[in-house]
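Scroll down for the structure; my scribbles are underneath it.
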Amino acid sequence: MRTVDLIHRKRDGEELSAEEITFLVEGYTRSEIPDYQMSAFLMATFFAGMSDHEVDTMTHVMVRSGEVVDLSAVPGLKVDKHSTGGVGDKTSLIAAPIAAAAGVVVPMISGRALGHTGGTLDKLEAIPGFRTNLTIDEFRSQLAEHKLALIGQTPQIAPADGKLYALRDVTATVESIPLIASSIMSKKLSVGIDALVLDVKVGSGAFMKRQVDARRLAQMMVGIGRRADKRVQALITDMDQPLGFAIGNALEIMEVSQTLQNIGPVDLTTLSLELAARMIHLGKAAPSIDEAREIAQQKLLNGDGYRKFKDVIQAQGGNPQVLDRFELLPNASGAREILSPRGGYITAINAQDIGLASAIIGAGRDTKEDTIDPAVGVILEAKVGQKIEAGGVLCRLYYTTEDRLEDAAQMIEDAFRISGQAPEERNLILEVVG
Ligand code: URA
């Protein structure tokens, strides 16, 4: 088999066999196929796409490149939740404790911020002392005791995906539906789950800018999961404006705490409860989705979700008091108000630009090597549909250094669209797939 022939055939839109995809992925992981040929294959895939059979093979070869975590010793169905990435998206830290409080085992492997999107792992690390690098044995025993453990990807999980993702990142081939689907699903299938709830984001702050693409991505991931005998559902949800009010790691932990005490933003609470309900239903802790919704609501209102998150913070080495005493979290040294240049209705808040502005003052990273400043970020004071006076506060920017502050402030001001006419209401949950 010659790599060049396979690139040629993929370029011309042919379907490759399981043996051929395996040859390419394994060859690249072992460094037998050079970057330039794999880059050409990825670009050909970007344009030609992949069949279900190809994407399944791609996923399973990446799973087999590493270790599959065996959670069979932990009693109960294991359900994870994954978001394709957004701005201000802290739903995992609300939905997971609520689902765990309802009796579902949640082995959550989370990612880091990259580009304009945030990462659950960075948010957790804003909590002083919180360890995201549990060993697999610690992960298992915490799951048995608390039903929820939150860790980062280990080098043993789907290493082929890690190597391919790094190449995609520098060859403009990240935004390919089969490559995203196989990348996400290879990591999820490596963690011994029985079921998975996916939150596929669409809009200005998401990978997928169009609903039709989000739907294809959702269908492809649900298909990969089901063919691997997992229960999988996807929600397609709006990421045309940031979720909640807080963007930035410590600020988002504060908003998680408020939401788990039922005093959080409506959009964040609504979506987190729906995701938790889907986890509870797929985890068979409720016989119907309506009953699962009731349980999720009850676990929020009676504080069980909030207490579960505190227990998990304590178990992973953090100080659970941060959820009550925000001064124990990293705090910014400066704040700057961004004022509305005119009066009117807010018709759009470009989530990508808000995410990038937060990233350039330190809340995110351009490359995997950059360090994060957990204290900085943005708190929105107004969301789409709200009326604002000229000179009214659109948001507050929290910073620790003035480097690039002006650029960020300008970018944020430009992210708001203000018009004389109220915008049409947009649904938060747009579709359910699966
Ligand atoms: N997240 C992943 O894990 N992989 C992708 O390809 C895109 C987002």
Side-chain angles (χ1 to χ4, degrees), residues 21 25 28-29 38-39 41-43 45-47 49-50 54-56 58-63 65-66 69 80-87 89 91-92 107-123 132 150-191 193 196-203 205-210 213-225 232 234-237 239 351-352 355 359 364-368:
I21 300 268
V25 177
Y28 182 64
T29 312
M38 204 59 190
S39 305
F41 172 74
L42 293 171
M43 191 56 88
T45 302
F46 181 93
F47 286 110
M50 275 188 172
E54 287 176 304
V55 89
D56 282 352
M58 182 91 182
T59 307
H60 291 287
V61 179
M62 293 198 290
V63 170
S65 70
V69 181
D80 196 0
K81 173 256 162 197
H82 183 84
S83 158
T84 56
V87 179
D89 181 6
T91 53
S92 286
M108 191 166 267
I109 307 248
S110 304
R112 293 199 178 276
L114 198 60
H116 69 278
T117 62
T120 301
L121 223 50
D122 297 308
K123 297 173 204 199
T132 54
L150 300 140
I151 61 169
Q153 200 188 339
T154 69
Q156 291 79 35
I157 293 173
D161 171 63
K163 192 164 176 193
L164 278 168
Y165 191 89
L167 188 63
R168 287 167 55 209
D169 207 22
V170 292
T171 55
T173 51
V174 168
E175 295 90 348
S176 146
I177 290 174
L179 296 179
I180 295 176
S182 54
S183 164
I184 290 176
M185 292 306 289
S186 67
K187 285 173 288 213
K188 295 292 147 191
L189 296 180
S190 297
V191 207
I193 50 162
L196 174 64
V197 177
L198 293 159
D199 182 5
V200 179
K201 299 286 186 197
V202 60
F207 273 124
M208 298 296 133
K209 308 289 181 206
R210 302 182 315 160
D213 294 329
R215 188 180 305 127
R216 279 180 51 221
L217 176 60
Q219 286 166 341
M220 196 171 267
M221 291 194 287
V222 169
I224 295 170
V232 185
L235 302 185
I236 299 178
T237 71
M239 187 31 74
Q352 176 158 345
R365 46 171 83 74
D366 282 335
T367 69
K368 282 188 181 152

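Indexing begins at 1, ligand by ligand and atom by atom, following the structure's order. Start at 1 with the first residue, then count along the sequence.
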Say whether T84, considering both its backbone and side-chain N or O atoms, lies within less than 3.5 Å of an N or O atom on ligand 1.
-> no

Point-to-point distance, once rounded to the nearest 0.5 Å, from OG1 of T132 to CD of Q153 = 12.5 Å

Per-atom contacts, ligand 1 versus F207 - under 4.0 Å to a heavy atom | 7 (C), 8 (C)

Contact check: Y165 vs ligand 1, nitrogen or oxygen atoms, below 3.5 angstrom | no

So which heavy atom in the protein is nearest atom 3 (O) of ligand 1, and how far is it from that ligand atom?
-> K187 NZ, 2.4 Å

In Å and rounded to the nearest 0.5 Å, what is the NZ to OG1 distance from K188 to T59?
-> 14.0 Å

Matching residue for D161 among S186, S183, S190, S182 - test: side-chain hydrogen bond (donor to acceptor under 3.5 Å, both in side chains) = S183

NZ/K81 to CG/L198 distance, rounded to the nearest 0.5 angstrom?
-> 9.5 Å

Within a distance under 4.0 Å of any heavy atom of R168, pick out the atoms of ligand 1 and give their elements.
-> 5 (C), 6 (O)

Nearest option to atom 4 (N) of ligand 1, as decided by whichever heavy atom of S186, S176, G111, S183 sits closest | S183

Numbering as shown, the atoms of ligand 1 that approach I184 to under 4.0 Å (heavy-atom distance) = 1 (N), 2 (C), 3 (O), 4 (N)

Please round to the nearest 0.5 Å and tell me the distance separating atom CE of M208 and atom CZ of R215.
-> 13.0 Å

Assess whether atom CZ of R216 is packed by more than 12 heavy atoms of other residues, nucleotides or ligands within 6.0 Å.
-> no

